[in-house]
Structure formats: structure tokens, C-alpha cells
2 protein chains.
Amino acid sequence: MKTLQVIPAICCGPDTPVLDSEDAERLATQFRALADPTRVGIVNRLAAAAEVCVCDLTAAFDLSQPTISHHLRILREAGLVEVTKRGTWSYYRLLPEAVEPLRLALGASS
Amino acid sequence: MKTLQVIPAICCGPDTPVLDSEDAERLATQFRALADPTRVGIVNRLAAAAEVCVCDLTAAFDLSQPTISHHLRILREAGLVEVTKRGTWSYYRLLPEAVEPLRLALGASS
DNA sequence: GCATTATATTGACATACATCGATGAAGACT
DNA sequence: AGTCTTCATCGATGTATGTCAATATAATGC
């Protein structure tokens, strides 16, 4: 898998490869998914448990149920979270393997 | 300095402290600064050199000079970059110490 | 002083986004 | 079948954002 380092290590010389526009687009979309305080809060809660029911999220944030649903859709479409339906309930969970590339893009050493 | 881990390590239990709204707001603002492909590209270029002249950026992206200036302002106000004026030229440089907290928020181990 | 060059700011416009109330879809329970 | 609960989608509305042309600012050189 290609490693996208938006911020390469300090070492790199002047011939560091330039990010192509497709990569920049994809990264921007994923950062945009985190560019809202409610979604940061949702991700924070998802990270604290194996999975979280939508009902817990609508209870935790002082926003309408459609609004929470809207934010979850954005996180889903960015590929950062995954949903599993069991009966009437929907359980969301964070996808660590989707977050990892963002860390790498910010210059994580590995 | 308080460490903000939006995504704590895998270990954490159900009583993981919840992100307060002020922290969520600040993180969202910084992620929003990275939520545009042009700005991702700018940051990428800034990371590849000690400092970059605005003129190089306006040449590199197929956008008007005011638009580049606008994006640089957003990165500046998010505290991710810094500008130094020398004569007629403005040189921008990335602030690694500002990017680091974002990496930590995404669950970097240290 | 005047022309030129490098950036920033302003104003306008079109598009994207966050939010809500209303409604829809599907499972659970009686 | 009918009702209740859970969640998603739709439609509307106000605000934020990306973009550019025009203009302002400020340094350089003649």
C-alpha cells in the first residue's frame, strides 16, 4: 500500500515527491470528515468502546436525531466508521485502519 | 501540556474521559484547515522545504493569487504555518509543533 | 516621483454544509 | 393488524466556504 506522507520526516531533500491531486483530494475528504466538533466528539466516543449504538449518540449530543444521522453518514462515506445492524439497533464502530493513513499523512514515523 | 487523544489507545475502558466541547471545537478547526485539497497540497510543499515563497505556491497551483493567499490565511489562523517577510517576498514555513497535537489526537502512541 | 513586482484585502457569487421538522422504512411487541 | 421504537432520508433554511476580478499596500528599481 502506498504511504502518503503529506508531512514527510524532517530529513527529506528538495526532490521529495509531490502529492498528486487525487491523493490530496482523498486526504482532504477524510480531514473534512473530522472538521466538525460534533464529528470529533462522535469519533472520540466510538474510540472509547468497541461499538456504540446510535441511540447513545443521540442522547449524548444536544442535537436532533436527523443531525446525528447526517454526521454518521459523513463519517461512513469518508470510510472512517462502519455500521452493523442488529434488530432495530445500529451499532457504529471506528475503523482504525482508516485512521492510520491520516496519522501517517501528518508525518507519523511509521 | 494536556494531551488530546480523540482516539485513545486500544486498551481504554468504558470510563475513558470524554472530550469537552472546547477541545472538540479546537481540533475541528485545525482539521478544517486541512479539509481542502489545495491546502493539503500547500502543506505538503511546505513540509518538503524549510520555507517556501508565496510566489512558488501561486506558480504551483492552477489558482489565482488571491485564492492562494486566502488558503494561506486559513492555515495561518489555524496556527499551522508561520510567515516571515523579507523585502517584497513572504516566506511560509510549517510549524511541526502545531501538527504534532493533531497526530496525537488521531491516536499516535507518543 | 513613477513604474513594477509581490502579497493581502475586499466584494461578489455560486456552491457546500449544519441544522431542523416531517416523513419513511423496518424491526419488535402485543 | 396495529402500535411503538430506532434510524435514515427528504426538503427547507441560514450560514460558511472557495473562487475570482478589482483594488490596496508596500517594497524595489529607475
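Note on naming: letters A, B, ... go to the chains in the order of the sequence lines (proteins, then strands), and numbering restarts at 1 for each one.
A donor-acceptor contact shorter than 3.5 Å links the side chain of R39(A) to the backbone of R32(A).
Separating the CD atom in E100(A) from the CG atom in L106(B) is a distance of 9.5 Å, to the nearest 0.5 Å. To the nearest 0.5 Å, atoms OG1 (T29(B)) and CD1 (I74(B)) are separated by 11.5 Å. The distance from atom CD1 of I42(B) to atom NE2 of H71(B), rounded to the nearest 0.5 Å, is 6.5 Å.
Taking each heavy atom of L94(B) and A47(B) in turn, the nearest pair found is CD2-CB, 3.9 Å. Of all heavy-atom pairs spanning E25(B) and P37(A), the tightest one is OE2-CG, 3.6 Å.
At a threshold of 4.0 angstrom between heavy atoms, the contacts of H71(A) are confined to the sugar-phosphate backbone, with no base atom among them. Y92(B) comes within contact range of the sugar-phosphate backbone alone, with a heavy-atom separation under 4.0 Å but no base atom that close.
Taking 4.0 Å as the cut-off between side-chain N and carboxylate O, E22(A) and R26(A) do not count as a salt-bridged pair.
The stretch residues 57-68 of chain A comes close to DNA chain C through L63(A), S64(A), P66(A), T67(A), each having a heavy atom under 4.0 Å from the strand.
Residue E97(B) qualifies as enclosed at atom CD: its count of foreign heavy atoms under 6.0 Å is above 12.
Between L75(A) atom CG and dA18(C) atom P there is a gap of 10 Å when expressed in whole angstrom units. In this entry the distance linking CG of L72(A) with P of dT19(C) reads 12 Å, nearest Å. For H70(B) and dC13(C), the NE2 to C1' distance is 14 Å, given to the nearest whole Å.
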Show your working on side-chain contact (heavy atoms from CB on, under 4.5 Å) between V52(B) and Y92(B) and close with a plain yes or no.
CA-CA 5 Å; V52(B) 177; Y92(B) 278 77; 5.5 Å; no
Between L80(B) and L46(B), is the side-chain contact (heavy atoms from CB on, under 4.5 Å) condition met? List the steps.
CA-CA 11 Å; L80(B) 296 178; L46(B) 291 183; over 6 Å; no
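Cation-pi geometry between R45(A) and F61(A) is satisfied (NZ or CZ under 6.0 Å from the ring centre, within 45° of the ring normal).
Chain A approaches DNA chain D over the interval dT5(D) to dT9(D), counting the first and last nucleotide 5' to 3' with an atom under 4.0 Å from its heavy atoms.
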Report, one pair per line, the protein and nucleotides 28-30 of chain C atoms (nitrogen or oxygen only) whose separation is under 3.5 Å.
none

